[in-house]
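As structure tokens, the structure follows; a few thoughts come after it.
The chains referred to below are lettered A, B, ... by the order of the sequence lines, with proteins before strands, and numbering in each begins at 1.
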Amino acid sequence: MAERYNPQEIEKKWQARWEADKLYNAEMDPSRPKHYALTMYPYPSGDLHIGHWYAMAPSDARARYMRMRGYNVMFPMGFDAFGLPAENAAIKRKIHPYSWTMANIERMRGQLRSMGAMFDWDREVVTCDPRYYKWNQWLFLRLYEAGLAYKTFAPVDWCPNCNTSLAREQVIGEDRRCERCGTLVIKKDLDQWLFRITNYADELLDFSGLDWPERVKVMQTNWIGRSEGAEVRFTTEAGYPIVVFTTRPDTLWGATFMVLAPEHPLVEKVTTPPQQAQVAAYQEQARRMSEIERQAKDKEKTGVFTGGFAINPVNGARIPIWIADYVLMSYGTGAIMAVPAHDQRDFEFARKYGLKIQVVIQGENTPANGEEMELAFDAEGVMINSGPFNGTPSAEGIRKVTAWLEEQGIGKFAVNYRLRDWLISRQRYWGTPIPMIYCPTCGALPVPDQDLPVVLPQDAEFLPTGESPLKYHLGFRYTTCPQCGGPAERDTDTMDTFVDSSWYQYAYITPYDPERLFEPAAGDYWLPVDQYTGGVEHATMHLLYTRFFTKAMRDLGLVKYDEPMLKLFNQGIILGEDNEKMSKSRGNVVDPDDLVSRYGADVVRMFLMFLSSWNQGGPWNSRGIEGITRFLGRVWELVLEPANPTAPAGYHSDQAVRDLRRVTHQTIQRVTRDLEDFGFNTTIAALMEFSNMLGRARSTPVVETPAWQEAIESLLLLLAPLAPHLSEELWHQTGRPYSVHQQPWPQVDNAAAVEDEITLVVQINGKVRDRIQVPAGIAEQEAKERALEAPGAHKMLDGKTPRQVIYVPGKLVNIVL
RNA sequence: GCCGGGGUGGCGGAAUUGGCAGACGCGCUCGCCUCAAAAGUGAGUGAGGGCAACCUCAUGUGGGUUCAAGUCCCACCCUCGGCACCA
């Protein structure tokens with residue numbers, strides 16, 4: 001009697017052995033195809049939760065599978081170690097963010113090891129290490145030199161709770177909350193560094209060559225928000241130009257007023273003295289609105305007449321200029337031409353303030369008179385009241401009018417994006433110092449490369465004041481000008497942590513390389529990332545930023561690719577047993593450490609993969625995990641318990657061997673296909689079916705044949721990516737050579753996998769009436785004849801002649817009466 | 001409002017190109033094992049009807065195409081996620 005399956009014992013043993021043997025260390029080997037598998041690195045919060053397991057265990061299984069398929073696999077791991085939680089925890093507990101972070105990392109390393117994943121720990125990077133963030137600074141300087149990093153004074157999004165500015169991407173939802181803490185974000189005027197991601201807007205819209213989920217591509221496309229149209233120059237009566245952006249140049253003749261954003265610089269110039277007080281009051285109110293709350297649901301449009309007029313350049317019409325907060329300074333030119341007949345927002349505004357509504361697009365059933373309209377007509381139609389363009393279909397009109405505007409010199413084709421440049425300055429301590437120096441005589445200067453890294457001082461006072469903590473660290477702040485040697489000051493902001501993660505996949509190539517970002521020869525071999533996995537929540541943040549970085553790095557000559565990650569897979573989310581999001585307050589959190597000590601890592605890994613399809617996630621089930629324990633227990637016995645075979649009645653050895661080999665090779669087929677597509681749940685189902693079959697075969701003399709050995713060996717190999725410890729132990733105990741993880745993936749014997757007899761379904765009018773066993777290669781004519789004779793069908797036929805008999809080879813015969 | 005994903009037994013979920021709906025697992029029921037229990041193990045398990053062989057109904061709702069629909073088409077409902085005064 002062999003020992004029972006005891007995961008605790010074998011898992012620790014093999015983890016130690018694998019680590020000692022450096023089994024998973026990736027070495028460059030040009031003779032083999034490489035596979036760079038990457039899973040999003042964790043923030044070192046201090047505890048590995050089930051979500052981390054759900055993200056990492058299946059991606060580990062996939063990486064292991066690729067390795068057995070003959071790829072030289074690199075599967076690194078690291079820590080996204082800068083960021084606010086460390087700072088907040090440090091303030092609360094009065095310990096240094098560095099100590100807090102490092103202690104957490106230490107703890108999480110141990111937890112990650114308990115997973116039995118094939119992480120190459122020799123490549124680990126920790127982003128708060130100066131050896132890492134030195135290259136953040138170096139990249140910043142390269143972007144600066146290339147004109148892709150710039151500083152500007154502008155109103156920015158500010159989280160009053162986190163006490164820092166945020167990138168547009170980190171402001172969530174209609175009511176504009178902080179992505180981190182959910183606080184309502186306000187506007188603040190600050191001098192900040194930005195990365196010119198908008199330079200790459202068009203290229204970022206091109207996903208060709210990327211095998212990414214449709215969902216992510218759509219989210220990025222929407223986020224970038226490209227729209228084509230025209231810029232048209234209107235002129236105020238006093239002669240100031242007002243440039244507007246419109247997607248509907250075909251409606252230019254219907255522009256009956258203009259609207260400027262309240263903060264538009266021209267407002268002061270166009271406002272007439274009698275309107276001054278009202279305009280100023282509205283501007284003030286709009287300012288407060290954006291600062292206080294913007295939650296009001298039914299935002300009724302408001303605005304104020306400036307007293308000024310503009311001339312519509314296409315027809316010379318004199319139209320009033322208003323200001324209104326539905327026009328945003330941050331989009332387009334901050335000014336619009338209002339065409340109330342054909343734009344619902346302008347329509348509502350015109351109705352409210354009694355402005356003229358001029359119809360210029362005629363639809364099938366739309367009134368030609370603006371007074372009779374109930375809604376703006378924004379569909380396609382034919383241009384009317386539009387001078388030389390009368391009778392032109394609107395779609396064609398958009399092109400023709402744009403060309404005409406260019407000829408007349410009053411406008412041009414233009415593209416606008418919703419995407420804003422990436423604001424990277426943060427007014428917090430725990431991040432990468434921005435490597436810039438401000439000299440009163442020489443101006444803003446980059447820190448020379450040889451002075452990198454600009455080290456984050458350990459002894460800064462980092463209590464949040466709304467200003468950068470580094471500002472109060474005089475030793476850091478005051479320095480000398482690298483140009484004139486005179487007194488100068490450093491930039492005291494730190495970088496958004498998304499800068500760290502924008503290039504971390506490159507850092508793993510030659511981690512903490514003191515000389516360069518990474519070694520080019522190694523980069524040529526390993527890059528780009530072949531398979532990236534992680535949550536979809538980063539669709540318009542990290543995943544957009546890292547694409548931008550790669551494109552910018554390509555233009556700097558640092559990488560040779562347009563895209564950082566060729567394939568992307570988004571795993572779902574594990575919910576609590578109550579089908580709700582796991583949270584401490586709900587008390588529905590499951591702790592992986594507990595589970596590992598109770599069931600073992602292999603069981604936890606496999607249960608997470610078995611729950612549902614990986615991209616779907618789903619509720620935890622504390623009973624369901626027992627099913628995996630039973631399954632692995634049965635595998636254990638199947639492999640190790642001596643069998644005591646007896647031949648059942650009618651046993652034929654040849655047939656039994658054929659049946660066994662068929663199931664073995666069909667299982668190899670199924671598992672291979674499913675693992676290719678991340679179908680872990682169906683992979684496991686196939687292995688369960690296989691082992692159930694083996695369980696039945698075990699009591700027969702087939703166990704004494706080589707086919708049985710082949711079946712057991714295949715089972716262990718197919719199981720190896722999913723349950724690495726158990727497979728290794730059984731591989732070892734059955735006297736096979738170390739390590740199961742260095743074995744090639746089993747080969748399918750197609751001939752053995754073929755069925756020699758199939759079940760043919762016999763239908764009458766599409767309903768199943770019988771099933772017959774026939775040889776797999778049966779001819780159509782014979783199949784039909786046998787079907788007609790099948791008892792279930794014969795009875796229903798009752799002597800009638802079928803109108804039609806349909807044969808689907810290998811599947812069914814449908815007799816139509 | 002716009003865009004995208006999803007609605008299948010008591011539960012989690014399967015179902016290559018339209019071709020046996022419910023694989024696999026959980027749970028449940030009845031056996032075996034046991035003094036008993038746990039563990040293990042065998043059989044059964046969509047609903048309704050029938051003594052039975054069998055029959056009928058069933059993949060969110062309503063239509064349609066087809067010999068055949070969870071799968072394709074049209075309309076709608078619910079749900080999750082993203083965007084939202086973007087000119």
Side-chain angles (χ1 to χ4, degrees), chain A residues 4 172-174 213-223 225-227 229 244-248 251 259 261 294 299-301 324-328 330-339 342-346 348-349 378 416-419 536-537 539-540 570 572-573 577 579 607 610-613 615-628 630-631 633-634 637 670 673-674 677 679 681-690 692 695 759-771 791-792 795 802-817:
Chain A
R4 296 274 303 248
I172 305 288
E174 187 177 8
E214 205 52 38
R215 186 157 58 134
V216 175
K217 294 195 275 188
V218 167
M219 282 166 77
Q220 292 200 348
T221 302
N222 291 344
W223 187 260
R226 182 182 205 272
S227 52
V244 300
F245 173 74
T246 177
T247 55
R248 293 294 302 274
T251 64
V259 186
R294 300 165 146 256
K299 282 172 209 150
E300 199 185 328
K301 291 181 181 37
D325 65 2
Y326 81 92
V327 174
L328 311 172
S330 57
Y331 186 78
T333 61
I336 63 161
M337 66 170 197
V339 184
H342 306 295
D343 181 286
Q344 186 58 28
R345 297 156 298 178
D346 299 344
E348 287 167 23
F349 195 80
D378 55 12
N416 248 286
Y417 302 93
R418 221 184 67 98
L419 181 71
V536 74
E537 66 275 12
T540 56
N570 297 125
I573 297 168
E577 232 167 333
N579 227 322
F607 183 60
F610 185 63
L611 261 184
S612 69
S613 41
N615 59 3
Q616 203 173 303
W620 180 257
N621 182 330
S622 53
R623 298 296 293 269
I625 194 168
E626 307 275 358
I628 298 291
R630 279 177 218 163
F631 167 58
R634 278 197 297 266
E637 279 178 39
R670 288 173 68 184
R673 171 171 41 82
D674 289 352
D677 304 339
N681 54 340
T682 50
T683 288
I684 294 170
L687 290 171
M688 285 173 165
E689 284 180 63
F690 185 37
N692 289 345
T759 303
L760 202 62
V761 169
V762 182
Q763 297 182 331
I764 305 281
N765 292 336
K767 287 196 167 129
V768 181
R769 296 300 173 187
D770 211 338
R771 296 180 172 87
K795 187 181 60 186
R803 281 196 319 177
Q804 201 184 345
V805 180
I806 288 160
Y807 174 60
V808 182
K811 303 265 183 188
L812 57 78
V813 175
N814 188 11
I815 300 161
V816 186
L817 292 179

Inset, instruction - Under 4.0 Å between any heavy atoms, over every strand shown, what does A/V218 touch: base, sugar-phosphate, or nothing? Just pick one. - result: sugar-phosphate

Inset, instruction - Check every strand shown and say whether A/N615 touches a base, only sugar-phosphate, or nothing at a heavy-atom separation below 4.0 Å. - result: nothing

Inset, instruction - Indicate whether OP1 or OP2 belonging to B/C55 is found under 4.0 Å from a side-chain N or O atom of A/R769. - result: yes

Inset, instruction - Check the pair A/R670 / A/T682 against side chain to side chain contact (heavy atoms under 4.5 Å, CB included), numbers first and verdict last. - result: CA-CA 8 Å; A/R670 288 173 68 184; A/T682 50; over 6 Å; no

Inset, instruction - Report the residue (A/S612 or A/G627) whose heavy-atom-nearest nucleotide on RNA chain B is the more 5′ of the two. - result: A/S612

Inset, instruction - Report yes if at least one side-chain N or O of A/Q763 is closer than 4.0 Å to OP1 or OP2 of B/G19; otherwise report no. - result: no

Inset, instruction - Classify the nucleic acid contact of A/R630 as base, sugar-phosphate or nothing, counting any heavy atom under 4.0 Å across all strands shown. - result: sugar-phosphate

Inset, instruction - Check the surroundings of atom CD1 in A/I806: do more than 12 heavy atoms from other residues, nucleotides or ligands lie under 6.0 Å from it? - result: yes

Inset, instruction - Write down the distance separating the P atoms in B/A52 and B/G63, rounded off to the nearest Å. - result: 34 Å

Legend entry - Nearest-Å distance once atom C1' is located in both B/G9 and B/A23: 14 Å

Inset, instruction - Looking at every strand, decide which applies to A/T333 at a 4.0 Å heavy-atom threshold: base, sugar-phosphate, or nothing. - result: nothing

Legend entry - Nucleotide B/A87, atom P - distance to CZ of A/F349 in whole Å: 18 Å

Inset, instruction - Sticking with atom P, work out how far B/U16 lies from B/U65, rounded to a whole angstrom. - result: 26 Å

Inset, instruction - Quick one: label A/V761 by what it contacts on the DNA or RNA (base, sugar-phosphate, nothing), any heavy atom closer than 4.0 Å. - result: base

Legend entry - side chain to side chain contact (heavy atoms under 4.5 Å, CB included) partner of A/V762, the single match among A/N814, A/L812, A/I815, A/V768: A/I815

Inset, instruction - Rounded to the nearest angstrom, tell me the gap between atom CD in A/E637 and atom P in B/G40. - result: 10 Å

Legend entry - Euclidean distance for C1', B/G25 against B/A14 (whole angstrom): 11 Å

Inset, instruction - Ignoring backbone atoms, establish whether A/R215 has a side-chain N or O less than 4.0 Å from OP1 or OP2 of B/G5. - result: no

Inset, instruction - Begin with the C-alpha distance, continue with both residues' side-chain angles, and end with the deciding distance and a verdict on salt bridge (charged side-chain N to carboxylate O under 4.0 Å, His left out) for A/E626 and A/R623. - result: CA-CA 6 Å; A/E626 307 275 358; A/R623 298 296 293 269; 5.8 Å; no

Inset, instruction - Could you check how far CZ of A/R803 sits from P of B/C67, rounded to whole Å? - result: 8 Å

Inset, instruction - Remember a base hit wins even if backbone is also touched, and classify A/S330 as base, sugar-phosphate or nothing at under 4.0 Å, heavy atoms. - result: nothing

Inset, instruction - Give A/Q344 one of three labels, base, sugar-phosphate or nothing, depending on what nucleic acid heavy atoms sit under 4.0 Å from its own. - result: nothing

Inset, instruction - Please work out if A/V244 contacts a base, only the sugar-phosphate, or nothing of the nucleic acid, heavy-atom cut-off 4.0 Å. - result: nothing

Inset, instruction - Nearest whole angstrom, please: distance from the P of B/G82 to the CH2 of A/W223. - result: 11 Å

Inset, instruction - Scan A/D325 against the nucleic acid and name what it touches under 4.0 Å (heavy atoms): base, sugar-phosphate only, or nothing. - result: base

Legend entry - Flag side-chain contact, heavy atom, 4.5 Å: A/Y326 against A/E348: no

Legend entry - Separation of the C1' atoms in B/A15 and B/C77, to the nearest angstrom: 25 Å

Inset, instruction - For A/R634, answer base if it contacts any base atom (sugar-phosphate contacts may also be present), sugar-phosphate if it contacts only those atoms, and nothing otherwise; contact means non-hydrogen atoms under 4.0 Å. - result: sugar-phosphate

Inset, instruction - Name the pairing partner of B/C24, where a pair is Watson-Crick or G-U wobble with both distances under 3.5 Å, or state none. - result: B/G12

Legend entry - Distance-only donor-acceptor test, A/N222 side-chain atoms vs B/C83 base atoms, 3.5 Å: no

Legend entry - Sidechain N-carboxylate O distance under 4.0 Å for A/E214, A/K217: yes

Legend entry - A/L687 CG - B/A14 C1' separation (whole Å): 15 Å

Inset, instruction - Would you kindly give the CH2-to-P distance between A/W620 and B/G25, to the nearest whole Å? - result: 18 Å

Legend entry - B/C83 - base-pair partner by Watson-Crick or wobble geometry, distances under 3.5 Å: B/G1

Inset, instruction - Look through every strand shown and name the nucleotide pairing with B/A43 as Watson-Crick or G-U wobble, where both distances are under 3.5 Å. - result: B/U29

Legend entry - Same-atom distance (P) from B/C57 to B/G62, integer angstrom: 15 Å

Inset, instruction - Looking at every strand, decide which applies to A/R623 at a 4.0 Å heavy-atom threshold: base, sugar-phosphate, or nothing. - result: sugar-phosphate

Inset, instruction - Could you work out the separation of B/G40 and B/C51 based on their P atoms and round it to a whole Å? - result: 39 Å

Inset, instruction - Decide, for B/G9, between syn and anti: a glycosidic angle within 90° of 0 counts as syn, anything else as anti. - result: syn

Legend entry - C1' atoms of B/U8 and B/G60, separation to the nearest Å: 10 Å

Inset, instruction - Rounded to the nearest angstrom, tell me the gap between atom CG in A/L611 and atom P in B/C11. - result: 16 Å

Legend entry - B/U34: pairing nucleotide in any strand, Watson-Crick or G-U under 3.5 angstrom: none

Legend entry - First of A/I172 and A/R248 reached from the 5' end of RNA chain B, by closest nucleotide: A/I172

